[in-house]
K.L.:
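Below is one structure. I have some questions about it.
The structure displayed is predicted, hence computed values, not measured ones. One-based numbering, in listed order, for ligands and for the atoms of each. Computed over heavy atoms, backbone and side chain alike; hydrogens, waters and symmetry mates excluded.
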Amino acid sequence: MNPSHPARLAVLVSGRGSNLQAILDACQCHQLYATVVGVFSNRLHTPALERVAAPLRWAPQPTWRHDRRFFDQALAQAVAAVRPDWIVCAGFMHLLSPAFLDQFPNQVINIHPSLLPLYRGLRTHERAIAAGDHQHGASVHYVVPALDAGPVLSQVRVPIHPDDTPDTLAARVLVREHPLLIATLRFLVADRFHRTPDGVLLDRQPLLTPLQLTPANQWQQSDE
Ligand code: GRF
């Protein structure tokens with residue numbers, strides 16, 4: 001990465017794109033020294049794509065989107081073409097292949113709506129309520145081939161209220177996802193995180209537990 005230029009971000013999306021919008025806004029108001037150089041979807045039509053100008057959008061062709069290997073190759077080629085420093089999965093509902101990840105080593109992160117390692121996969125809010133948990137949240141992690149299993153960089157926690165439904169809880173988590181993602185990206189683009197075979201370094205020191213974002217949007221290291 002060249003620190004004299006804004007970091008180049010490729011964003012992978014599948015749905016509404018509120019996390020993408022948070023990134024676009026943070027870049028626009030210089031809260032994040034980065035620029036979105038491409039937005040890539042695994043779906044033909046998705047509201048997230050509409051958030052950027054047409055030249056930045058990439059969607060699969062209808063004829064080959066069901067061919068997984070072909071899709072992964074085409075996606076990797078298109079992402080490589082924009083020369084990203086970081087690839088951000090922001091509501092991207094597609095498991096990236098080992099071949100894709102090998103091409104972008106330690107460059108791919110994901111935001112997931114749970115306190116990983118709890119509730120990998122789907123329906124996290126429903127599962128947290130059903131388990132009787134008192135808190136839920138979101139995590140930003142490096143992407144590895146196994147679903148939602150990469151080293152966790154950062155988390156934010158929210159309370160679960162007794163009358164919560166999956167939708168009310170999802171809404172409470174989502175508004176905290178946006179500052180979590182931006183605060184984490186600020187560290188990434190400043191090259192403060194490094195992934196090693198043993199885990200993650202923050203400022204060259206082992207990150208023993210994920211950074212925790214407080215309600216005031218400050219970092220605090222968890223002692224749990
Ligand atoms: C977010 O909850 C994100 O954590 C999850 O999918 C949702 C995407 O929301 N991976 P949006 O498309 O960014 O609004």
Side-chain angles (χ1 to χ4, degrees), residues 9-28 31-32 34 36 38-52 56-60 75 79 84 86-96 100-101 107-130 133 135-160 164-186 188 210-213 217:
L9 305 182
V11 185
L12 276 48
V13 295
S14 299
R16 133 194 84 184
S18 70
N19 279 289
L20 165 65
Q21 190 63 53
I23 295 172
L24 292 166
D25 293 347
C27 294
Q28 169 89 31
Q31 209 193 338
L32 182 63
V36 173
V39 177
F40 302 82
S41 178
N42 60 327
R43 301 202 174 131
L44 293 186
H45 304 289
T46 176
L49 284 177
E50 306 298 320
R51 295 180 186 266
V52 291
L56 292 188
R57 296 178 201 152
W58 184 91
L75 178 67
V79 170
W86 302 101
I87 299 166
V88 183
C89 298
F92 186 56
M93 307 300 281
H94 175 86
L95 197 58
L96 290 166
F100 182 99
L101 295 170
Q107 282 177 277
V108 189
I109 63 157
N110 177 48
I111 182 156
H112 180 72
S114 82
L115 297 170
L116 290 171
L118 293 175
Y119 311 121
R120 294 175 175 146
L122 299 175
R123 299 183 297 98
T124 64
H125 312 94
E126 183 186 323
R127 288 154 67 201
I129 292 171
D133 293 354
Q135 61 175 359
H136 192 45
S139 306
V140 176
H141 64 95
Y142 282 111
V143 175
V144 297
L147 182 65
D148 301 325
V152 179
L153 298 169
S154 60
Q155 293 183 321
V156 70
R157 291 162 193 267
V158 302
I160 299 181
D164 263 332
T165 65
D167 286 348
T168 60
L169 180 56
R172 190 174 311 117
V173 172
L174 187 68
V175 294
R176 300 301 294 143
E177 288 185 30
H178 303 155
L180 176 71
L181 183 57
I182 301 310
T184 308
L185 279 169
R186 282 170 62 104
L188 271 173
L211 291 178
Q212 303 290 317
L213 195 70
N217 292 338

K.L.:
Establish, from distance only, whether the side-chain atoms of Thr184 and Ser154 form a donor-acceptor pair under 3.5 Å.
P.N.:
yes
K.L.:
Output a table of donor-acceptor pairs, distance under 3.5 Å, between side-chain atoms of residues 137-150 and any protein atom two or more places apart or on a different chain; print 'none' if there are none.
P.N.:
from   : atom 1 : to     : atom 2 : distance (Å)
Ser139 : OG     : Ser114 : O      : 2.6
Ser139 : OG     : Leu116 : N      : 3.0
Ser139 : OG     : Gln155 : NE2    : 3.1
His141 : NE2    : Asn110 : ND2    : 3.0
Asp148 : OD1    : Asn110 : ND2    : 3.4
Asp148 : OD2    : His112 : ND1    : 3.3
Asp148 : OD2    : Gly121 : N      : 2.8

K.L.:
Under 4.5 Å between any side-chain heavy atoms of Arg176 and Asn217, yes or no?
P.N.:
yes
K.L.:
How would you list, by chain and number, the residues with a heavy atom under 4.0 angstrom from ligand 1?
P.N.:
Arg16, Gly17, Ser18, Asn19, Gly91, Ile111, His112, Pro113, Glu177
K.L.:
Going by ring pair (Phe, Tyr, Trp, His ring centres under 6.0 Å), name the residues that satisfy it together with His94, two or more places apart in sequence or in a different chain.
P.N.:
Phe71, Phe92
K.L.:
Applying side chain to side chain contact (heavy atoms under 4.5 Å, CB included), can you list everything that pairs with Ala128, at least two apart in sequence or on another chain?
P.N.:
Tyr119, Asp133, His136, Ile160
K.L.:
Do any N or O atoms from the side chain of Arg57 and from the backbone of Ser41 form a donor-acceptor pair under 3.5 angstrom?
P.N.:
no
